[in-house]
Amino acid sequence: MIKMIALAVAMMLLGMMVVEVRGSAIPEQQMMGPEESRSRKPRGWIKDQLELEAAGLAGNMFDFYRFVHDSKWIGGKTEYSALDEASPYWFNGLVPLAFGLGDDRIEKQVKYYLDYVLDHQQKDGWLGFETTRQTRGIWARCLLLLGLTQYADADPSQTDKIVDAMHRYVVLAHNMLNNNYTGLLVHGNDIFDTAGFGVGRTHEMHIPLQWLYEKYPRNNSQIIWETMELMIKGGEVWGADWRKFWTESGYPRVWSETSPYNMSWVFIHGVNQAQGLRYPLSIYRMTHDEGLKRQTRLAVDLLAKYHKSLAGTIIADEYITDLSPSHGSELCITAEIMFSMAWIYQYLGDNDIADWVEQAAFNALPVSISPDWWSHQYIQQENQPWSRNLTQGSSLWVDVNSYANVFGLEPNYPCCTVNHPQAYPKFLANSFVRTNDSGIAHVFLGPASLTTTLADGNTVSVSVETTYPFGLDINYTISATKPFPFYIRIPTWADTSTSTVTTSTSDGTQVVSPSASGLQKLFIPAGGTNTTATLSLATQPRVVTRADNTAAIYYGALLYSLAITYTETASPPRQYNNLAILPNSTTHAHAHDHVLVPTSPWAIAIDPSQIRVVHKSGDDGRKLASPIWALGAPPVELRVAAVEIDNWPVRLDSPANPPSKPRAGAGKKVFSARFVPYGSAKLHMAELPVLSLAKIDLV
Ligand SMILES: *[C@@H]1O[C@H](CO)[C@@H](O)[C@H](O)[C@H]1NC(C)=O
Ligand SMILES: *[C@@H]1O[C@H](CO)[C@@H](O)[C@H](O)[C@H]1NC(C)=O
Ligand SMILES: *[C@@H]1O[C@H](CO)[C@@H](O)[C@H](O)[C@H]1NC(C)=O
Ligand SMILES: *[C@@H]1O[C@H](CO)[C@@H](O)[C@H](O)[C@H]1NC(C)=O
Ligand SMILES: *[C@@H]1O[C@H](CO)[C@@H](O)[C@H](O)[C@H]1NC(C)=O
Ligand SMILES: *[C@@H]1O[C@H](CO)[C@@H](O)[C@H](O)[C@H]1NC(C)=O
Ligand SMILES: *[C@@H]1O[C@H](CO)[C@@H](O)[C@H](O)[C@H]1NC(C)=O
Ligand SMILES: *[C@@H]1O[C@H](CO)[C@@H](O)[C@H](O)[C@H]1NC(C)=O
């Protein structure tokens, strides 16, 4: 197997940088030098999406949204909780957006924030505005530091200043943690984290501190190292050690399971789980205990089996709710899952984990964000025929309110407003990785380009043209000053007996021959001329069966859903907790909440033996509409034999679990149902009951 080495360091600081193991032998990974941040550029639809993100909520919050614009971190007055995490979340997502896109306006926003926060570092080294033991929690600093490391890599003119500040902060954090875990454990009348969010996420300091340790340790290695150890120990003292949770006996198969599972709430919280996936590997980087790698694989498998949604996220509202298609998943979970799986992939190299990243990126993420990026949901349901204030209060959910599936400014809670921006910029940042044989691998197959110099001095340029995941052909143009191996990841769903690759340097078209970990190797010669290559993936629609005689349909990396047409009504944004109309001082002319009411049936059963792929007219295989994640915009759809049924009740103002014995409604005819990519279907039905139906023409 080829080892992956993060190319994305500039934006992502990723795993492959070496943490030297004290007293241990040779570092396992070879770090291959820092990357110039502007090395990766979005192209095609990914560029369109990042531009929409910058023009939408993400790129405008700085100017109007109270939890960012008026954040206490930059001299304002407003935080949504004592965690003080809002603007650090925002910063962590906007830094890679600014530099990934090369957008001056966004760069100015993050520069202002950077300058303000560093210029106001307190005398004792504290980063942030809090001045008392009671209010100083470490947790939000983890997010800030994640943003700072990306900034330092992206803009070398700021690196020294950032590194200075981080060192001063680490010395203070080390002292605090040595004093009975001050800032992590709540003592006496401390208010910074009475629930336990920070103490459930102790490993979140590891990624930035490992970056500091490896790249700019100065004379501080010992303190940095001990700070990481103290974080983990503090978590253990409190009862939040994810190594106990990610086990066959510790992991809750169903939400109601109480025995032998009996751990803190922190473990069954969806966002915590998405973040906690990173815990074992964070420690692995210090101990090189191979068991922690195996445990990470187990964690991924347990999650996939018991709590993974069809769209690639964790079903949790906001505690895990098994595989129910009417419960839902919080948008923050998707953002964190994408980051976690991309990071984990670079250690384990398991092909299905990279597929998982794409699955979340092409399904769970876009479905919860409006096509123009001005509104988002808190909760997405896999079966979601309407999006509005639910009539039965919060009774459907474990712990969210009636407004949670509304597309809006801050439905249910503002965390997703400030944390959703990181998802696509980091996806782009991780789409290419280095391999340990001085090569490059393209692992997330969207359109992008890369110019970089490898460790051996080879200057490489790669340009990817594709409409993937809508189209299955990917064109590469590659040049290099020295010969090198270029790898393309072949997704697990591709039919390797009929997928082909054509290169300008070899004869004709070959059937792909990927390695065991799914990498197709191309040999790129040196020289002034470009090598061109085309990968043509072949696949068929896939039917995945779920409990109670239900099924879902995928085609390539896309989940498909029944297309539900709807009317949309916009209204002024409401406050997350009391649903009062927000004052104009914290909204924007483009920010609205939206009610989506269906105008076509949703209660159907399908016959998955009758599916047809439809390429829409106008699909030239090269150009996609923008915004692409809108109903009708994707160029490929499916037709599926279906019938309306009459025994699918509504429960608590959402579809009940699908009936296991669906019954065709009286007089209802079998019809050719239109299925569209789930990410484009803001109203959708993805997990449907199965019936054997009369053969029809799938027009
Ligand atoms: C450490 O903090 C915990 C929790 O506040 C407290 O119960 C314990 O007594 C403290 N220990 C010391 C040595 O101060
Ligand atoms: C490390 O410490 C030594 C001795 O105290 C000092 O001379 C040197 O400048 C320090 N190096 C850095 C990078 O801070
Ligand atoms: C589970 O936790 C509860 C509350 O902390 C405790 O009362 C109970 O004894 C525990 N049960 C087991 C089986 O450990
Ligand atoms: C939302 O629905 C709840 C009932 O579920 C109702 O009490 C509340 O008034 C509604 N609020 C708005 C703004 O529609
Ligand atoms: C790359 O990593 C793999 C897996 O650890 C190893 O077998 C191989 O020898 C390495 N290749 C080079 C060139 O270091
Ligand atoms: C790939 O290149 C071929 C040959 O130039 C062209 O026909 C095709 O449209 C290209 N596909 C994309 C997605 O750019
Ligand atoms: C190689 O491809 C790049 C990008 O596609 C293009 O800008 C450049 O002109 C090409 N070089 C040659 C020699 O064809
Ligand atoms: C807020 O702005 C909208 C339009 O920009 C206006 O109609 C409305 O009256 C304003 N509300 C308040 C409370 O100022």
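Heavy-atom basis, side chains included; hydrogens, waters and symmetry copies ignored. Position 1 is the first residue of the sequence; numbering continues from there. Note that ligands are numbered from 1 as they come in the structure, with each ligand's atoms numbered from 1 the same way.
No hydrogens or angles considered: a donor-acceptor pair under 3.5 Å links the side chains of Thr502 and Thr509. Using modelled atom types, one finds a donor on one side chain and an acceptor on the other under 3.5 Å when comparing Glu85 with Tyr80. Counting only N and O atoms by type, the side chains of Tyr476 and His442 include a donor and acceptor under 3.5 Å apart.
Within the model, atoms CZ of Phe362 and CG of Leu445 stand 7.0 Å from one another, a figure rounded to the nearest 0.5 Å.
Only the backbone of Val186 comes within 4.0 Å of ligand 1, counting heavy atoms alone; no side-chain atom from C-beta on gets that close.
Ring pair Phe470/Trp629: centre-to-centre distance below 6.0 Å.
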Under a 3.5 Å threshold, I'd like every N/O contact between ligand 6 and protein atoms, with atom names and distance.
| from | atom 1 | to | atom 2 | distance (Å) |
| --- | --- | --- | --- | --- |
| ligand 6 | 2 (O) | Asn475 | OD1 | 3.4 |
| ligand 6 | 2 (O) | Asn475 | ND2 | 2.2 |
| ligand 6 | 9 (O) | Arg622 | NH1 | 3.3 |
| ligand 6 | 11 (N) | Asn475 | ND2 | 2.9 |
| ligand 6 | 14 (O) | Asn475 | ND2 | 3.3 |

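Remark: the backbone N or O of Ala195 is paired with a side-chain donor or acceptor of Trp265 at under 3.5 angstrom.
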